[in-house]
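Heavy atoms only: backbone and side chains are in, while hydrogens, waters and symmetry mates are out. All values reported here derive from a predicted model rather than from experimental measurement. Throughout, a chain's letter reflects where its sequence line sits, starting with A, and its residues are numbered from 1.
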Amino acid sequence: MLDARFVRENVDTVKEALEKRGYEFPLSEFLSINGKRVTLIGEAGELRNRRNVVSEEIGRLKRRKEDASAQLEEMKTVSDRIKALDEKLRELEEETKTFLMTIPNIPDESVPEGRDETKNIEVRRWGTPNTFDFEPLNHWDIAAALDIIDFERAAKITGARFALMKGAGARLERALMNLMLDTHTSRGYTEVFPPIMVNRESMTATGQLPKFGMELFRIADPEFYLIPTAEVPVTNIHRDEILRDSDLPIFYTAYTPCFRREAGSHGKDTRGLIRQHQFNKVELVKFVKPEDSYDELEKLTADAEDILRKLDLPYRVVTLCSGDLGFSSAKTYDIEVWLPGQNRYREISSCSNFGDFQARRAGIRFKREGRKGTEFVHTLNGSGLAIGRTLVAVLENYQQKDGSVVIPEILRPYMGIDQIRLAGG
RNA sequence: GGAGAGGUGGCCGAGUCGGUUGAAGGCAGCCGCCUGCUAAGCGGUUGUGGGGGUCAAACCUCACCCAGGGUUCGAAUCCCUGCCUCUCCGCCA
């Protein structure tokens, strides 16, 4: 959420910045609503002041058993007027909030301008894609041959876009999870395992609601939501808190299952593990001081990349352009891993700096030692990494001519084997 | 699921039959003074958000005693609803 006063005082900047995202901000409407709101706050405040003063007087008179009927008479009308104003104010407050809640974040200056992903800018590449002396297979064909992922039975149990991991496949999923958590915790992230169902407030704080409810699985009674990413519960750890500056920065890493409706992606990635309703992910979340957030974004991205380097998987990093930016993000790097089966790079991590956007929604503030007042922290997060897609990358990059898959060096202690072989082999 | 108890400031903990309660008292913190050092002692001070005001402060004002409604001239105090915590019983892991 943007700051109402900031918007009011910097209308042109805001309008311009949002246009870069392709977002048309109905400015005059906002200003008129917000202007009315401010006027009413003043009026209601004065009336309340009057009420406080006179009520106190009534108390004094009554204690002395004197007549207070004149004051009581006056107060009746004052009270009614306060009620009427409050009613109007509540509506305007609501409108203002809805307005602000549905406005996306302002992109950072360093974000390239552009309409869509074709304007994203590659910032670096690491590793060289393997050259195979045979036609590399898709991961679902590899997995089928090895009997480690069963999509048909998963569809029977639940439906499309679910997977049943089996044997070495299930073990590989767990090995990747442990490698990621071990790596991140050794770099100063505190491991947490949060609730994976959250309430409406939490979803609103990180920006999924009110605008993107169609992406979420919802439990009707009580009203809970399955998380689409650990970003939601982990960022909400400090919702409505005032931290001390000595507490910052705070780094968390969390493994959680994630759930997404994938509404509107019918027909996309229908086969395989790439796009599932349920998938596992290890997430990185940071709470930092405003002046540090862009440095921390670089470091967070490097921490996510580190997993791919350890696995020796080729990847590239792109800066998302303004039009491709997520709703809450001020700047995002996508990390894309090389998939021989698709002969292209695919997103495996998205690392974002949200600035104070989420913190303002979530009420996450901090206080500087020896200074008055509070400031909003900056929040960041990134996948470190999406486990299913990492598993896909391992299968496709490490596949052998005989249909087996070599286990990357770093995973062998976790797997207990160095190769997944065909049943007959 | 059944029966109780409770949710007050950074923490502990008072709030009487509704009326100088933003909230006693204590602890912690901060600033002075005092002391050879430490400890003790003395005085003062210490929340958040909104609106106005200022170059910035000072300052003025409103709101906030879990949340949301209600009663009332006036509510931390009374009533309703919700959420959460705790204890006991039952049930399941």
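When both distances must be under 3.5 Å, the Watson-Crick or G-U wobble mate of G29(B) is U45(B). Across all strands shown, nothing is found opposite G9(B) as a Watson-Crick or G-U wobble partner with both distances under 3.5 Å. In this structure A93(B) sits in no base pair that meets the Watson-Crick or G-U test at under 3.5 Å. Base-pair partner of C86(B): G4(B) (Watson-Crick or G-U wobble, both distances under 3.5 Å). Partner assigned to A76(B) is none, using Watson-Crick or G-U wobble distances below 3.5 angstrom. The partner of A39(B) is absent, by the rule that a Watson-Crick or G-U pair needs both atom distances under 3.5 Å. Across all strands shown, A67(B) forms a Watson-Crick or G-U wobble pair, both distances under 3.5 Å, with U81(B). For C55(B), there is no paired nucleotide, since no Watson-Crick or G-U wobble pair has both relevant distances below 3.5 Å.
Taking atom P on both nucleotides, C91(B) is separated from A14(B) by 37 Å, rounded to a whole Å. With both ends at atom C1', the span from A67(B) to C60(B) equals 30 Å, rounded to whole Å. Rounded to the nearest Å, the gap between the P atom of U46(B) and that of C59(B) is 10 Å. Of the C1' atoms belonging to U21(B) and G29(B), the separation is 23 Å, rounded to the nearest Å. If you take atom C1' in A75(B) and the same atom in C80(B), they sit 15 Å apart, rounded to whole Å. Taking the P atoms as reference points, G7(B) lies 14 Å from C79(B), given to the whole Å. Remark: the separation of the P atoms in U45(B) and G25(B) is 12 Å, to the nearest Å. Taking atom P in both G22(B) and G90(B), one finds a spacing of 48 Å when rounded to whole Å.
Distance R368(A) CZ to G47(B) P: 20 Å, rounded to the nearest Å. Rounded to whole Å, the distance from CD1 on I364(A) to C1' on G49(B) is 17 Å. Between the P atom of G51(B) and the CG atom of L92(A) lies a distance of 14 Å, rounded to the nearest Å. The nearest whole Å value for the distance from the CZ atom in R8(A) to the C1' atom in G50(B) is 10 Å. For the pair N34(A) CG and G50(B) C1', the computed distance is 12 Å after rounding to whole Å. Across the protein-nucleic acid pair, F366(A) atom CZ and U48(B) atom C1' stand 16 Å apart, rounded to whole Å. When rounded to the nearest whole Å, the span between CG of N199(A) and P of A67(B) equals 16 Å. Separating the CZ atom of R60(A) from the P atom of U20(B) is a distance of 11 Å, rounded to the nearest angstrom.
For the pair K286(A) and F251(A), the cation-pi criterion (under 6.0 Å, within 45° of the ring axis) is fulfilled.
Residues H238(A) and F366(A) place their aromatic rings such that the two centres sit no closer than 6.0 Å. Ring centroids of F354(A) and H378(A) are separated by 6.0 Å or more, keeping the two rings apart. Between F357(A) and F327(A), the distance from one ring center to the other falls under 6.0 angstrom.
Along RNA chain B, the nucleotide nearest to V38(A) and the one nearest to R365(A) differ in position, and the one closer to the 5' end is contacted by R365(A). Residues L72(A) and E375(A) both approach RNA chain B. Their nearest nucleotides, taken by heavy-atom distance, put E375(A) toward the 5′ side.
Here R368(A) pairs with E291(A) in a salt bridge; the nearest charged N to carboxylate O distance falls below 4.0 Å. Salt bridge absent: D324(A) and R21(A) never bring a charged side-chain N and a carboxylate O closer than 4.0 Å. Under the 4.0 Å criterion applied to side-chain N and carboxylate O atoms, R153(A) and D150(A) are assigned as salt-bridge partners. A salt bridge links R244(A) with D247(A); the closest basic N to acidic carboxylate O contact falls under 4.0 Å. The residues R90(A) and E93(A) are annotated as not salt-bridged, no charged nitrogen and carboxylate oxygen being separated by less than 4.0 angstrom.
Among the nucleotides C73(B), G49(B), G69(B), the one closest to the side chain of R90(A) is G69(B). You'll find that the side chain of R5(A) is closest to G51(B), out of U48(B), G19(B), G51(B). Distances were taken from every side-chain heavy atom of S55(A) (C-beta onward) to each of G50(B), G19(B), G49(B); the shortest belongs to G19(B).
Listed pair K83(A) / C73(B) fails the phosphate criterion, with no side-chain N or O lying under 4.0 Å from OP1 or OP2. Phosphate contact (OP1/OP2 of A67(B), side-chain N/O of R200(A), threshold under 4.0 Å): absent. A sub-4.0 Å separation between OP1 or OP2 of G10(B) and a side-chain N or O of K367(A) is absent. At U72(B), none of the side-chain N or O atoms of S79(A) fall inside 4.0 Å of OP1 or OP2 (strictly under the cut-off).
Within 4.0 Å (heavy atoms only), R81(A) reaches no atom of the nucleic acid at all. Contacts of R37(A) with the nucleic acid, taken as non-hydrogen atoms under 4.0 Å apart, are absent.
For the side chain to side chain donor-acceptor pair (under 3.5 Å) with D269(A), the lone residue among R346(A), Q276(A), R161(A) that qualifies is R346(A).
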Dump the pairs, protein N or O against N or O of nucleotides 62-65 of chain B, anything under 3.5 Å, distances to one decimal.
unit_1 : atom_1 : unit_2 : atom_2 : d
C62(B) : OP1    : N49(A) : ND2    : 2.7
C62(B) : OP1    : N52(A) : ND2    : 3.3
A63(B) : OP2    : N52(A) : ND2    : 3.4

